[in-house]
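The structure under discussion appears below in the form of structure tokens.
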Amino acid sequence: MPVAKWNGVVLAKSDTYETVEGNVYFPPDSLSREHFKPSATHTHCPWKGEASYYSVEVDGQTNADAAWYYPEPKPAASNIKGYVAFWKGVTVER
């Protein structure tokens with residue numbers, strides 16, 4: 001079961017997930033929501049669409065834009081709608 005952690009705290013854990021381009025995407029209900037803050041950052045992927053970001057907060061420390069998701073992905077990426085992936089030092093263990 002994949003587990004996403006940052007600074008020793010579990011951010012997401014689920015036995016249901018999607019893997020796209022080597023990234024594990026966690027379903028929205030698997031997140032420890034108290035650690036996620038919406039970000040104004042957006043990026044664009046030609047085949048997935050526009051990504052939105054969350055900053056992650058743990059014990060008073062912030063990891064800006066450490067998580068991303070596609071709220072309205074293009075049809076080719078519909079399987080990851082709302083699912084969240086991580087980077088910037090967040091570890092994902094399987």
Are any non-hydrogen side-chain atoms of [X] and [Y] less than 4.5 angstrom apart?
X	Y	answer
Phe36	Leu11	yes
Tyr69	Leu31	no
His35	Asn7	no
Glu50	Pro71	no
Arg94	Val24	yes
Lys74	Lys48	no
Tyr83	Thr16	yes

Decide whether Val84 and Val20 are clustered together by the hydrophobic rule: side chain heavy atoms of Ile, Leu, Val, Met, Phe, Trp, Tyr closer than 4.5 Å, transitively. no

Aromatic rings Tyr25 and Tyr70: how do their planes relate, parallel, tilted or perpendicular, breaks at 30° and 60°? tilted

Going by the angle between their ring planes, with limits at 30° and 60°, are Tyr53 and Trp68 parallel, tilted or perpendicular? tilted

Please answer whether the main-chain N or O of Asp65 pairs with a side-chain N or O of Ser55 as donor and acceptor at a distance below 3.5 Å. yes

Hey, is the main chain of Lys88 close enough, under 3.5 Å, to the side chain of Asn63 for a donor-acceptor pair? yes

Just checking [X]: does its [atom1] atom have more than 12 heavy atoms from other residues, nucleotides or ligands closer to it than 6.0 angstrom?
X	atom1	value
Asn79	CG	yes
Lys5	NZ	no
Trp87	CH2	no

Measure across [X] and [Y] and return the closest heavy-atom pair with its distance rounded to 0.1 Å.
X	Y	answer
Val92	Ala4	CG2-CB, 4.2 Å
Pro2	Ser14	CD-O, 3.1 Å
Trp6	Val90	CB-CG2, 4.0 Å

Looking at residues at least two apart in the chain, or sitting in another chain, which of them share a salt bridge (Lys or Arg N to Asp or Glu O under 4.0 Å) with Lys13? none

Atom pair OG/CE of Ser30 and Met1 - distance to nearest 0.5 Å: 10.0 Å

